[in-house]
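Written below as structure tokens is the structure these notes are about.
In what follows, every heavy atom counts, from backbone to side chain, and hydrogens, waters and symmetry copies are set aside. Letters go in sequence order (proteins before strands), and every chain restarts at 1.
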Number of protein chains: 4
Amino acid sequence: MVVVMSPDATDEDVAHVVEKVESVGGEAFVSKGVVRTIIGLVGDIESFHHLNLRTLKGVADVHRISDPYKLVSRQHHPDRSTVWVGRPGQQVPIGPETFTFIAGPCAVESPQQTLEAAQMAKSAGATILRGGAYKPRTSPYAFQGLGIAGLEILGAVGEATGLPIVTEVVDARDVAVVAEHADMLQVGTRNMANFGLLQAVGDAGRPVLLKRGMTATIEEWLMAAEYIAQRGNLDVVLCERGIRTFEPSTRNTLDISAVPVVQATSHLPIIVDPSHASGRKDLVVPLSRAAIAVGADGVIVDVHPTPETALCDGPQALLGAELRDLAQAVRRLPDLVGRRPAVAAGAVS
Amino acid sequence: MVVVMSPDATDEDVAHVVEKVESVGGEAFVSKGVVRTIIGLVGDIESFHHLNLRTLKGVADVHRISDPYKLVSRQHHPDRSTVWVGRPGQQVPIGPETFTFIAGPCAVESPQQTLEAAQMAKSAGATILRGGAYKPRTSPYAFQGLGIAGLEILGAVGEATGLPIVTEVVDARDVAVVAEHADMLQVGTRNMANFGLLQAVGDAGRPVLLKRGMTATIEEWLMAAEYIAQRGNLDVVLCERGIRTFEPSTRNTLDISAVPVVQATSHLPIIVDPSHASGRKDLVVPLSRAAIAVGADGVIVDVHPTPETALCDGPQALLGAELRDLAQAVRRLPDLVGRRPAVAAGAVS
Amino acid sequence: MVVVMSPDATDEDVAHVVEKVESVGGEAFVSKGVVRTIIGLVGDIESFHHLNLRTLKGVADVHRISDPYKLVSRQHHPDRSTVWVGRPGQQVPIGPETFTFIAGPCAVESPQQTLEAAQMAKSAGATILRGGAYKPRTSPYAFQGLGIAGLEILGAVGEATGLPIVTEVVDARDVAVVAEHADMLQVGTRNMANFGLLQAVGDAGRPVLLKRGMTATIEEWLMAAEYIAQRGNLDVVLCERGIRTFEPSTRNTLDISAVPVVQATSHLPIIVDPSHASGRKDLVVPLSRAAIAVGADGVIVDVHPTPETALCDGPQALLGAELRDLAQAVRRLPDLVGRRPAVAAGAVS
Amino acid sequence: MVVVMSPDATDEDVAHVVEKVESVGGEAFVSKGVVRTIIGLVGDIESFHHLNLRTLKGVADVHRISDPYKLVSRQHHPDRSTVWVGRPGQQVPIGPETFTFIAGPCAVESPQQTLEAAQMAKSAGATILRGGAYKPRTSPYAFQGLGIAGLEILGAVGEATGLPIVTEVVDARDVAVVAEHADMLQVGTRNMANFGLLQAVGDAGRPVLLKRGMTATIEEWLMAAEYIAQRGNLDVVLCERGIRTFEPSTRNTLDISAVPVVQATSHLPIIVDPSHASGRKDLVVPLSRAAIAVGADGVIVDVHPTPETALCDGPQALLGAELRDLAQAVRRLPDLVGRRPAVAAGAVS
């Protein structure tokens, strides 16, 4: 930590800061400049936080220097992690060696629609099935998902197709029932800072897919992952899904740089959601290609057998030729960045 | 709703849209331009949503024309509402005739700190006490609030000072216990889109203070209020607390225009939080003055007897001279915009 | 300046940084932490810039501590400045004692329209006339202003009404001719970082109204003012006119906090443009009230005798009742924040 | 265009709008809804703009439907364009069949540094040389470029290496001299809305590289290109270089989606600048890979023989291993998206 004194700070002000720092066992190194004095702090950062240094007389600013997250940081865990999703013997990896293709319908609407979407996804090369039973919607008048009935459909379709299931949980009270039916719990963009939910999924004994808040900095996102990790669950996969900017031509702006930025500071795997980032199906294939090339550990994509009748996000769901293009990209491109498509542990690639 | 066809749409494409609209009982008015055709839809907007018109062949875009919220809209409720906070006989209004000053510590730390802060607030003219027992924090390592012990302290201090209490609830599972101790439930910026929590506070039988999501549009914010209203609770007060922008000199950017914008479209009262918007105590007084002048229905401000030792947001808490300046502004300025300071129903102004 | 070393930096890396700093006559204070080492630099900041410290081995980050602007800073010029606009004997102040009301049409369209707008402005209490002869427009197909003919109209109307003139200049090649006809040169939001233009107006011998770039930080804005000041012209008035954010209900988001933030760090006067900030005439009066209350040194507002036929920004031009409301606010409110309306030096208030 | 009436608009208000539209030769199609009436306009959009419909009584909103740009639109020019850069017989294409690699130093500092950087660029496979002689800098105290001396160095190095030159012009008064020495004129991010400069480069008879304003929407960017095209110059290449967002870990946020979005609406080529987008050299290679994969027509990258001593943007300049990685990506990846590396017309690939 660095304390910057204001130009009119007195020697007493500086001495008072030093004294405070030393009172909690820290060391303070004073650099007296022509205009300003700065003080470098060495010691336990948590104890410094409690000093409220910013409120002391003569203090202009306080800069934090180290990363505020620990368990998810690469600092003491230099190797990037692999998270395994699915039942023993059928687990699919998400990590640095592979490229994982996750696909499925935005919302579970019926057994048939879910099964068809799952078969489309599987034929295109997907090895994990996504699908929403609980849908957080901006409007209270929009379709909110089938709830438990949706979970049961997902479970059955997962059984039938052999694909592990990832599905969103939006309320801490639902974590137990969702964990019963799903192989991986998704925390959505609107709930990234719902700390009660983060703690609940941290306790649930399932891998977690943590979407970036649409206006969260990368640091805040990693802090949200830290909440989960703190409960003893390090099986967290991050998902970049676009951030809110002034540009209106896409629903959100895919922050593709977030992939290498996260990989430089955290050991957690990170995938990309081009469907929700853009909201436009004509962008899903080029953005998926970009995700592979930039080094993402996977993509998660909306598919729907009949987008015309979809109850949620139909305009971004892939079908036909676009899905074939995506399948081809997922088969061919990962090799160029030194990865292989991720398949279930027991499966033949 | 207006459907915009792409330049290469055929007559069949247009006919197909018209047919779909008519199939759910709507009317479609076709305007054929030189380059594009547009179709105006008249009828039930919910049924149009289910048509997924954006996925039809030849459709370039679909524009929504009417506001998506209903219960909180001024359209069928032209008079602005007043929300009353506190026990019968001691209720304080928040609404168009008055200016309500809410103050207190960011976090409840101890009985004494809370009582002192409440007395400071009251002397400065505040008529509602704020204070946090549950604190949503970006870092899992930061102080998370005293929980139920904090609620009890708040209740006792409210009793002692005669001030109604507003406090934040961060988890749907805590709504009942918070509603027992507090006169008004606050939903914080990080939970504005936590729809389960919105529904729970909608059911709790207490007025709600709904902070704007730090990256929510005004429309999304009013949709969040609609979630609460839908459960039968129209006693919702909105609170503008700054939005996230690229400007780093303040913690957030106070969107002062949101006050008249909201008042033009919704009947709900709206107040301003200059402490969290700016994160700087030197800005709290000028921004509070601006809030009064722009026509806000109140302000909510952090005060703390000893900011140096505050466990949360010390740098923005007012004290001494600044608090006196604020007290003076709150006494003098509301009159200039045709308002009087809000006092409890039975109190002598 | 503070150099933050990465956790894996070696002692040699640290020594190399120290050596570099000392090679240009600076001092380096090393604080060795458990995880990281930080180095505080004392000396001439410009010479440190040339070291490219960020590229050195083991360096994780470099933080600048002091403000990068000098001439416009309050550090060596603690009193806030007053800028005088107009010919000797008729000068109108913009500064900390007064509140200056500037009004006029967005674009000069004809002698009659300009004269009528000027009379409206004057009756409402304005003491400086604004009007555009050169209009920077996003579309090459939109009205671009009357050019020199417009300057001549402005000059004549200024003469007739006794109001000093402020008008925009968009090209360094036009500075001389604009300075002949106008009392104050405006640099618009799109040109805030047009450094050739800034230098040209710095040389022109007229006070300058410098609008904030719609996506400029306050620091970048003050650096733009520094460009003008560097040419020997310290008569610069800043104008906050809204920044670009994600909120669509106003054209821009008025950053009202910029007023006290600028006043805390720079001695230059700062005014507010509520018309361009919001793009909505129903917001101009409340935002003007907020500007006065927050402590701005003035406002600049669009008025037009017949907004229906305006060639530019008609929807935001005031007329009739709204203009009367604004006139009343400008007469009554400044007194509450210790200011008087600004009138020409020789005029009777 | 679509006019949306407010809920309380009268029949007279609607009739007045219709009359206005017909008065300029347009047609108005009225759709009367339960709550609101909307009016579809057909005819010449420019004449509608002059009606200021938004100021008419009863009008709530006016939506533009068609794109505001014409010459750069794909609507009447469905095939994507190729722009050729360099002297006859040595021209390098930028367009849909190829992938063009442009590299060079951020700023020209000396003949030797420029030559070495050019040789590095060429060895890595670059076929156009970039280099800045005029540098727009936020600080008036920063290095502003060598000016004409820099242009002469660039010319000589271009001669020596056989590489066509692209360089920035920041002032309309310099366009002629820059066009004498350079093969392609760059308009930088800060000048994207400097309309006088856009017109000057439109008249200069050289292809133009138009960088996106750091806070410009894609539509505003295409309107800037339209300014150039209007002067008869359709040889415009767009360059995505990151937009300003709230995320601090990169200097800007690369809007990778802009590539397919632009390609869907404009026939102009579009390239990506990963160096300025990220400001971090560790991100240049992954972002360049992403640019190729998403379908960009090229990249432009900073290289410098000794980044430690660079006078501008040293921290983002590539060297050694990173440059080799980039060279390999540029050689191998374009083929996967159906492109070949762009070489000079007469050169052997």
Contact part of [X] toward chain A, heavy-atom cut-off under 4.5 Å: side chain, backbone, both or neither?
X        : value
D:Thr215 : both
D:Val259 : neither
D:Leu283 : side chain
D:Ser257 : both
D:Ala216 : backbone

Do NZ/NE/NH1/NH2 and the carboxylate oxygens of [X] and [Y] come within less than 4.0 Å?
X        : Y        : value
A:Asp302 : A:Lys281 : no
D:Arg54  : D:Asp61  : yes
A:Arg80  : A:Asp297 : yes
A:Lys211 : A:Asp273 : yes

*What residue, out of A:Thr250, A:Ile292, A:Leu287, A:Asp282, has the most heavy-atom pairs lying under 4.5 Å from chain D?*
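The residue among A:Thr250, A:Ile292, A:Leu287, A:Asp282 with the greatest pair count is A:Leu287.
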Checklist entry - Between A:Arg339 and A:Gly295, is there a donor-acceptor pair closer than 3.5 Å when you use the side chain of the first and the backbone of the second? => result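 Present.
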### Query
Just by distance, do the side chain of D:Glu226 and the backbone of D:Lys70 share a donor-acceptor pair under 3.5 Å?
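The answer is yes, because a donor-acceptor pair under 3.5 Å joins these two groups.
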Task: Region of A:Arg280 in contact with chain D, defined by heavy-atom distances below 4.5 Å - done: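 Side chain of A:Arg280 only, per the 4.5 Å heavy-atom cut-off to chain D.
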### Task
Under 4.5 Å heavy-atom distance to chain D, tell me which part of A:Pro274 shows up: side chain, backbone, both or neither.
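Nothing of A:Pro274, per the 4.5 Å heavy-atom cut-off to chain D.
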